[in-house]
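Here's the structure we're looking at; comments come further down.
Each ligand, and each atom within it, is numbered from 1 in the order the structure gives. Only this structure's heavy atoms are used, side chains among them; waters, hydrogens and symmetry mates stay out.
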Amino acid sequence: MSVLPSESKPFPHRHLLGIEGLFPIEISHLLDRAEAYVEQNRQADKKKSLLGGRTVINLFFEASTRTRTSFELAGKRLGADVINMSVATSSIKKGETLIDTAMTLNAMHPDVLVVRHSESGAVRLLSEKVNCALLNGGDGSHEHPTQALLDALTIRRRKGRLDNLVVAICGDILHSRVARSNIHLLNIMGAQVRLIGPKTLIPGGAAALGATVHHDMKEGLSDCDIVMMLRLQTERMHRNYFPSVREYFRFFGLTYDKLASAKPDALIMHPGPMNRGVEIDSEVADDIGRSAIRQQVEMGVAVRMACLEAVTGNLPEISGEVV
Ligand code: NCD
């Protein structure tokens with residue numbers, strides 16, 4: 001259950017496990033703080049000492065380029081010590097359980113654990129065991145809160161607002177934690193969400209999530225403000241969801257022809273990694289006037305700085321003996 005935000009603590013949570021249940025004021029607070037970090041990150045001297053003495057551990061059980069690197073930069077730019085652990089080099093390879101690994105790290109008194117895991121709910125489970133703050137770097141197909149926040153910051157900077165925008169999220173919604181976190185955030189902030197994809201890749205309860213569903217790209221993109229493309233997450237697919245990549249691209253790949261249905265100034269977004277020629281045409285992806293894909297990456301560092309600042313602000317001064 002969410003704790004009501006107060007004047008003194010605009011983000012009163014110990015952890016950031018997801019976007020679901022957050023209040024608009026909490027999201028706006030994180031975006032406003034991130035805004036200040038965007039400027040700091042553009043200076044020659046990018047470093048602050050706000051998190052001096054703090055330890056952040058990045059614990060990634062799944063591959064990552066953007067998320068892990070930007071959490072590392074975010075921690076370092078705030079003056080924390082940052083350690084990166086990937087499964088390839090951890091004792092998980094030797095059969096240790098997720099909880100044992102996390103408890104072992106917890107005994108070293110980190111202040112923040114950033115966790116990415118293939119199982120939905122894994123990060124919440126850990127949050128019940130450790131006494132540091134937990135940031136969800138993506139759990140299965142459940143949530144990826146910092147991605148939704150960086151997407152929101154990108155949209156807010158380019159469009160000046162989040163409310164009353166029409167956002168089309170296209171592709172493999174079923175397996176996408178990015179989609180789920182974005183649907184929550186956009187609904188909370190008053191945007192309209194459309195989901196576009198083949199029937200097999202749209203989850204059953206999409207309407208209950210507060211989105212309309214479309215199986216035709218041109219219809220779904222019609223007059224939208226934002227086009228958010230998603231990768232086919234084949235690592236989570238255990239059967240065939242579409243006949244072939246060629247056919248998928250024909251019906252659901254973003255091309256200029258399909259984009260013509262959107263507003264003339266519609267923004268193109270993608271969380272990365274992109275598969276060119278699968279969900280997006282190369283030319284469209286590289287359209288510097290309309291694509292915000294690089295800007296999303298830039299916003300990622302600033303948003304993660306804001307999230308680290310928010311959760312460490314709620315930690316007790318002394319964490320006590322580990323039991
Ligand atoms: C996304 C993820 O890992 O969920 N990538 C990211 O964090 N930028 C999307 C994806 O893997 O397709």
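Tested against Met85, the residues Val115, Leu59, Asn58 include a single side chain to side chain contact (heavy atoms under 4.5 Å, CB included) partner, Leu59.
No more than 12 heavy atoms of other residues, nucleotides or ligands lie within 6.0 Å of CZ in Arg294, so this atom counts as exposed by the packing criterion.
Taking the six-membered ring where tryptophan is involved, the planes of Tyr248 and Phe242 are tilted, since the angle between them lies from 30° to 60°.
Ranking protein heavy atoms by distance to atom 7 (O) of ligand 1, first place goes to His144 NE2, 2.7 Å.
Between Arg177, Glu235, Arg231, Met229, it is Arg177 that holds the heavy atom closest to atom 3 (O) of ligand 1. Looking at Ala63, Ser64, Gly272, Gly300, it is Gly272 that brings a heavy atom closest to atom 1 (C) of ligand 1.
With salt bridges taken as basic N to acidic carboxylate O contacts below 4.0 Å, one links Arg68 and Glu72.
Aromatic rings of His117 and Phe61 (six-membered ring for Trp) have centroids within the 6.0 Å cut-off, being under it.
For Gly138, the closest heavy-atom approach to ligand 1 does not fall below 4.0 Å. Residue contacts with ligand 1 include Arg116, since one of its heavy atoms falls under 4.0 Å from the ligand.
Both the sub-6.0 Å distance and the 45° axial angle are not jointly satisfied by Arg250 relative to the ring of Phe252. Geometrically, Arg116 does not engage Phe60 in a cation-pi contact, judged by NZ or CZ lying under 6.0 Å from the ring centre and within 45° of the ring axis.
Geometrically, ligand 1 and Pro271 share a nitrogen or oxygen pair separated by less than 3.5 Å.
When non-hydrogen atoms are compared, ligand 1 lies under 4.0 Å from the side chain of Gln147 (C-beta onward) but not from its backbone.
Counting atoms of ligand 1 from 1 in the listed order, those under 4.0 Å from a heavy atom of Pro273 are 10 (C), 11 (O). Counting atoms of ligand 1 from 1 in the listed order, those under 4.0 Å from a heavy atom of Thr67 are 6 (C), 7 (O). Each of the following atoms of ligand 1 lies closer than 4.0 Å to a heavy atom of Val178: 1 (C), 4 (O), 9 (C).
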